[in-house]
Amino acid sequence: TEATSTLATSAIAGAGAPEVGVAGAVALNLVSSTTEAVLPAGVSIAAGTGDLTLTATNTVTATAKATGKSEDAGTKTGIGLGFALNVAPFTTAATIADGVLLTGVGSLSLTATTTPTLTTTAEAGAAGTSFSLGGAIAITYGETEPIARVGTGAATTLGGTLTVKAAETRGTITTTAGGTVAGNDVGIGIAFALDVTTDTARASTARVLPATGSGASTSAAPAVATP
């Protein structure tokens, strides 16, 4: 069963006063997630014609939400501020290190898959009979890098097929900012949303791997995200 790591932070602030009401909320989610399936340097594998499979799967949900509201209708001056920052780099690797000796391997399969879900939300609201200010800022920085690699080494003849695949699948990034105000004289609503993401997938072999099996061998590195 594929597990999902959930990394979340939330901040909520509210205020109300006859003269001045100020509500400010800050949510910071600074996280990273690394999943690895690795054969390290110095290892020797004698598979006896069996298959060798390395699979790394990294499914992560990272959420940051800030809500700051001062919405007392009787307040003369209302100020609501919300700031949400979501920084979440993800690394997923299925690798055979340089120099690892492989003998008697049937099919060789290395698969690294990342499924990231990043959600960043900032909400701000204010009400004031004289002056109201609502400001919201939401920023997302995401970096996704799945890697599947067979390192350097002696040529290895496979009895089956070779699969080297690194992929980001079903990635979703959502960044939302909303600032609302209500008042009789002066009302200012400001909202700013910024999404900075990089998606890199790498699948490679650095040694000769003749595959003698009847099936197709593949090397693929797709990266698909939905902003």
Donor-acceptor pairs under 3.5 angstrom involving side-chain atoms of residues 214-221: please list them, not counting sequence neighbours.
residue, atom, partner, partner atom, Å
S217, OG, L162, N, 3.0

field: side chain to side chain contact (heavy atoms under 4.5 Å, CB included) between V38 and L54, intermediate numbers included
entry: CA-CA 7 Å; V38 179; L54 297 179; over 6 Å; no
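- Here the straight-line distance linking atom CG of N184 with atom OG of S130 works out to 9.0 Å at 0.5 Å rounding.
- Between P40 and A97, the shortest heavy-atom contact is C-CB, 3.7 Å.
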Which atom pairs, one a donor and one an acceptor, fall under 3.5 Å between side chains of residues 79-94 and the rest of the protein, sequence neighbours left out?
residue, atom, partner, partner atom, Å
N86, OD1, N29, ND2, 3.1
N86, ND2, A62, O, 3.1
N86, ND2, T119, O, 3.4
N86, ND2, T120, OG1, 3.3
T92, OG1, N58, ND2, 3.4
T92, OG1, T114, OG1, 2.6

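- For the salt bridge (Lys or Arg N to Asp or Glu O under 4.0 Å) test, no residue two or more places apart in sequence or in another chain qualifies with K65.
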Distance-only donor-acceptor hits, side chain of residues 99-108, under 3.5 Å, sequence neighbours excluded:
residue, atom, partner, partner atom, Å
T103, OG1, I45, O, 3.2
S107, OG, T161, N, 3.0

Would you tabulate the side-chain donor-acceptor contacts of residues 142-150 under 3.5 Å, counting partners in other chains and residues two or more places apart, or write 'none'?
residue, atom, partner, partner atom, Å
E143, OE1, Y141, OH, 2.9
E145, OE2, R202, NH2, 2.9
R149, NH1, D98, OD1, 3.1
R149, NH2, D98, OD1, 3.3

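- Linking ILVMFWY residues whenever their side-chain heavy atoms come closer than 4.5 Å, directly or via other members, places I190 and F131 in the same cluster.
- Judged as a salt bridge (charged side-chain N to carboxylate O under 4.0 Å, His left out), not a single pair has a partner in residues 127-137 (not counting sequence neighbours).
- Scanning all heavy atoms of the two residues, the minimum distance from V181 to G187 falls at CG2-C, 3.8 Å.
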- prompt: T4 and T61: side chain to side chain contact (heavy atoms under 4.5 Å, CB included), yes or no, with the steps?
  reply: CA-CA 7 Å; T4 300; T61 298; 3.9 Å; yes
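- With sequence neighbours left out, T212 forms a side-chain contact (heavy atoms from CB on, under 4.5 Å) with T157.
- Residues satisfying the salt bridge (Lys or Arg N to Asp or Glu O under 4.0 Å) test with R207, not counting sequence neighbours, are none.
- Using a 4.5 Å heavy-atom cutoff, the side chains of K76 and P18 are not in contact.
- One hydrophobic cluster, built from ILVMFWY side chains closer than 4.5 Å, holds both I139 and V196.
- When the side chains of ILVMFWY residues are joined at heavy-atom separations under 4.5 Å, either directly or via intervening members, L110 and V43 end up in a single hydrophobic cluster.
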message: Set out, in order, the CA-CA distance, both residues' side-chain angles and the distance that settles side chain to side chain contact (heavy atoms under 4.5 Å, CB included) for F192 and L194, then state yes or no.
response: CA-CA 7 Å; F192 175 79; L194 176 63; 3.8 Å; yes
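- The shortest side-chain heavy-atom distance between L39 and L52 falls under the 4.5 Å cut-off.
- T53 has its side chain within reach of S109: a pair of non-hydrogen atoms, C-beta onward, lies under 4.5 Å apart.
- For residues 44-58, no pair satisfies salt bridge (charged side-chain N to carboxylate O under 4.0 Å, His left out), with sequence neighbours left out.
- Nearest heavy atom pair, residue T67 against residue A25, reads O-CB, 3.2 Å.
- Checked against side-chain contact (heavy atoms from CB on, under 4.5 Å), A136 has the following partners two or more places apart in sequence or in another chain: A122, A124, A177.
- Sorted pairs that involve residues 126-137 and meet salt bridge (charged side-chain N to carboxylate O under 4.0 Å, His left out), not counting sequence neighbours, are lacking altogether.
- The list of salt bridge (charged side-chain N to carboxylate O under 4.0 Å, His left out) pairs with a residue in residues 106-122, not counting sequence neighbours, is empty.
- Between T75 and T129 the shortest side-chain heavy-atom distance does not fall below 4.5 Å.
- Residue S70 comes nearest to A23 through the heavy atom pair N-CB, 4.1 Å, listed as atom of the first residue, atom of the second, then distance.
- Across all non-hydrogen atoms, the minimal contact from A126 to E71 is N-CG, 4.1 Å.
- Formation of a donor-acceptor pair under 3.5 Å by the T169 side chain with backbone atoms of T115 is not found in this model.
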